[in-house]
Amino acid sequence: MSALAAEYNAINLGQGFPDFQMSEELTGLVNEAMKNGFNQYAPMPGWMPLREAIAEKAAFLYNTRVNPETDITITPGGTYAIYSAFTTILQPADEVIVFEPAYDSYIPNIEINGAKAVTINLIYPDYRIDWQAVKNAITKKTKAIIINSPHNPTGAVISEEDIHQLRKIVEGTNIFIISDEVYEHLIFDNIPHQSILRYPDLLERSFVCFSFGKTYNCTGWKLGYCIAPALLTKEFRKVHQFNCFSCHTPTQVALATFLKNKEAFLSLSSFIQEKRDYFKQLMRQTKFSMKESYGSYFICGTYERISNESDKDIAVRLTREAGVATIPVSAFYQNGKDDKVLRFCFSKKKETLDAAVERLLKI
Ligand SMILES: Cc1ncc(COP(=O)(O)O)c(C=O)c1O
């Protein structure tokens, strides 16, 4: 959709990236690190002061103790952390439970390891997890469950009750959890983020993956990290050692300082929530019916008052004819399940959202 958006000069509300400037203080810190000579390989697990700052942040936010020496690995982005976690644990014929709609890297990451994704649909229209279906899907081959909250593409979030259900299902098994928490700070309406880091009994079997790109409005930086218990981290690093090996040094040096500024990550929710509310309000004038979004960069909408087309057809038509790109949610299902829903990214400047909605009004 981004390629089509570029071809038709459309406003791109498809791909999830902010179109506003990131923190100048943070870019200044990267510049300073470069000028101060931090331009050679960082240690394989990551720049130690950054790992220490992450451990402090985890203690502050989730009241958990993670050891920077043994439990944290800096990675080139959240996606890489997820891929490495899968590669660490999967053997051919293993099964992984994946909830659909799903972020597009999960299933290819599972399959490239020779394992099988067992997909379970989130319950439409609220995109809640069907825990009975999860129970039914567990077999001797189930190696892991991957969860993602706040959720891309739907903006759904998991609750304490979901954690309770997850705990009941994995208790007494060897099932691993991969928790994609790249949107940990993009959660709205004062809902607490149910990080796996809060739950020591779950953390002991988990790889918890994060992204600085999402937290600091710099998706192009591709820097993130994985928190996992020492035994799992040791194995994870064997994959990392011969893949990326070591991440961009000056950004790690800069982030080690910037992470201490709590306000910078604590203020993100209200900043992005304002954009959600603004976009939702604007969309009331159009013929789209917007769903709830409790987190992430995204909000979904249906278009039954506009047409009966498939979500892919209307997404292509909106790009070509209205000049606004979105993503058809069917793209996040392996079987292309089409509930006639489009995903809109609202993490944009007001002018961008205004201009997009003005175009959508003509449809
Ligand atoms: C659910 C989810 N996980 C991971 C990522 C990727 O994070 P990163 O850019 O740090 O690899 C994204 C980006 O869109 C995402 O939506």
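When reading the values below, keep in mind they use all heavy atoms of this one structure, side chains included, and skip hydrogens, waters and symmetry mates. Position 1 is the first residue of the sequence; numbering continues from there.
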(request) Evaluate the ring planes of Phe344 and Phe288, with Trp represented by its six-membered ring, and classify them as parallel (under 30°), tilted (30 to 60°) or perpendicular (over 60°). (result) perpendicular
(request) Could you pull out the closest heavy-atom pair between Leu259 and Phe265, with the gap in Å? (result) O-CE2, 3.4 Å
(request) Compute whether any side-chain donor of one residue and acceptor of the other, for Glu204 and Tyr199, lie under 3.5 angstrom apart. (result) no
(message) Can you confirm if the NZ or CZ of Lys275 lies within 45° of the ring axis of Phe271 and under 6.0 Å from the centre of its six-membered ring?
(response) yes
(request) Could I get the full list of side chain to side chain donor-acceptor pair (under 3.5 Å) partners for Asn148, not counting sequence neighbours? (result) none
(message) Looking at Gln40, I'd like to know if its CD atom is crowded, meaning that more than 12 non-hydrogen atoms belonging to other residues, nucleotides or ligands lie closer than 6.0 Å.
(response) no
(request) For side chain to side chain contact (heavy atoms under 4.5 Å, CB included), just list the numbers for Ile112 and Thr87, CA-CA rounded to whole Å, side-chain angles, deciding distance to a tenth of an Å, and then say yes or no. (result) CA-CA 9 Å; Ile112 206 165; Thr87 304; 5.5 Å; no
(request) Identify the two heavy atoms, one from Pro68 and one from Arg51, that lie closest to each other, and give their separation to 0.1 Å. (result) O-NH1, 2.9 Å
(request) With sequence neighbours excluded, give me every side-chain hydrogen bond (donor to acceptor under 3.5 Å, both in side chains) pair touching residues 260-270. (result) none
(message) Counting only heavy atoms not in Asn190 (residues, nucleotides, ligands), do more than 12 fall under 6.0 Å from its CG?
(response) no
(request) Could you tell me whether Asp339 and Lys337 make a salt bridge, using a distance below 4.0 angstrom between a side-chain N and a carboxylate O? (result) yes
(message) Checking Phe279 against Met290 for the side chain to side chain contact (heavy atoms under 4.5 Å, CB included) test, could you report, in this order, the C-alpha distance in whole Å, the side-chain angles of both residues, the deciding distance, and whether it holds?
(response) CA-CA 10 Å; Phe279 183 61; Met290 303 313 284; 4.1 Å; yes
(request) Over all heavy atoms of both residues, which pair between Leu232 and Thr88 is shortest? Give the atoms and the distance, please. (result) O-CG2, 4.3 Å
(message) Taking salt bridge (charged side-chain N to carboxylate O under 4.0 Å, His left out) as the definition, give me every residue that meets it alongside Glu235, ordered by chain and number, with sequence neighbours left out.
(response) Lys238
(message) Could you report the tightest heavy-atom contact between Ala230 and Asp71, atom names first, then the distance?
(response) N-OD1, 3.3 Å
(message) Treating Ser246 as the side-chain partner and Ala42 as the backbone partner, does any N or O pair qualify as donor plus acceptor under 3.5 Å?
(response) yes
(request) Please report the closest heavy-atom contact between Tyr303 and Ser310, naming both atoms and the distance. (result) OH-C, 3.2 Å
(request) Could you list the residues that satisfy side chain to side chain donor-acceptor pair (under 3.5 Å) with Asp180, not counting sequence neighbours? (result) Tyr106
(request) Can you label the angle between the Phe207 ring and the Phe176 ring as parallel, tilted or perpendicular, going by 30° and 60°? (result) tilted
(request) Please say whether more than 12 non-hydrogen atoms of neighbouring residues, nucleotides or ligands are located less than 6.0 Å from CG in Asn63. (result) no
(request) In plain terms, say whether Asp313 and Lys340 are close enough for a salt bridge, that is, a side-chain N and a carboxylate O under 4.0 Å apart. (result) no
(message) Can you list everything that forms a side chain to side chain donor-acceptor pair (under 3.5 Å) with Glu309? Sequence neighbours excluded, please.
(response) Ser307, Arg317
(message) Treating Thr302 as the side-chain partner and Glu304 as the backbone partner, does any N or O pair qualify as donor plus acceptor under 3.5 Å?
(response) no
(message) Tell me every residue that passes salt bridge (charged side-chain N to carboxylate O under 4.0 Å, His left out) with Arg167, counting only those two or more places apart in sequence or in another chain.
(response) Asp201
(message) Counting the benzene-type ring for Trp, do Phe210 and Tyr183 have ring centres under 6.0 Å apart?
(response) no
(request) Evaluate whether atom NZ of Lys57 has more than 12 neighbouring non-hydrogen atoms of other residues, nucleotides or ligands under 6.0 angstrom away. (result) yes
(request) Measure the spacing between OG1 of Thr233 and CD1 of Ile72 and express it to the nearest 0.5 Å. (result) 8.5 Å
(message) Counting only heavy atoms not in Gln285 (residues, nucleotides, ligands), do more than 12 fall under 6.0 Å from its CD?
(response) yes
(message) Regarding Arg343 and Asn152, do their side chains bring together a donor and an acceptor under 3.5 Å, going by distance alone?
(response) yes
(request) Please step through side chain to side chain contact (heavy atoms under 4.5 Å, CB included) for the pair Tyr127 and Ile123, ending with a clear verdict. (result) CA-CA 5 Å; Tyr127 298 109; Ile123 303 171; over 6 Å; no
(request) Measure from NZ or CZ of Lys348 to the centre of the six-membered ring of Phe17 and say whether it is under 6.0 Å with the direction within 45° of the ring axis. (result) yes
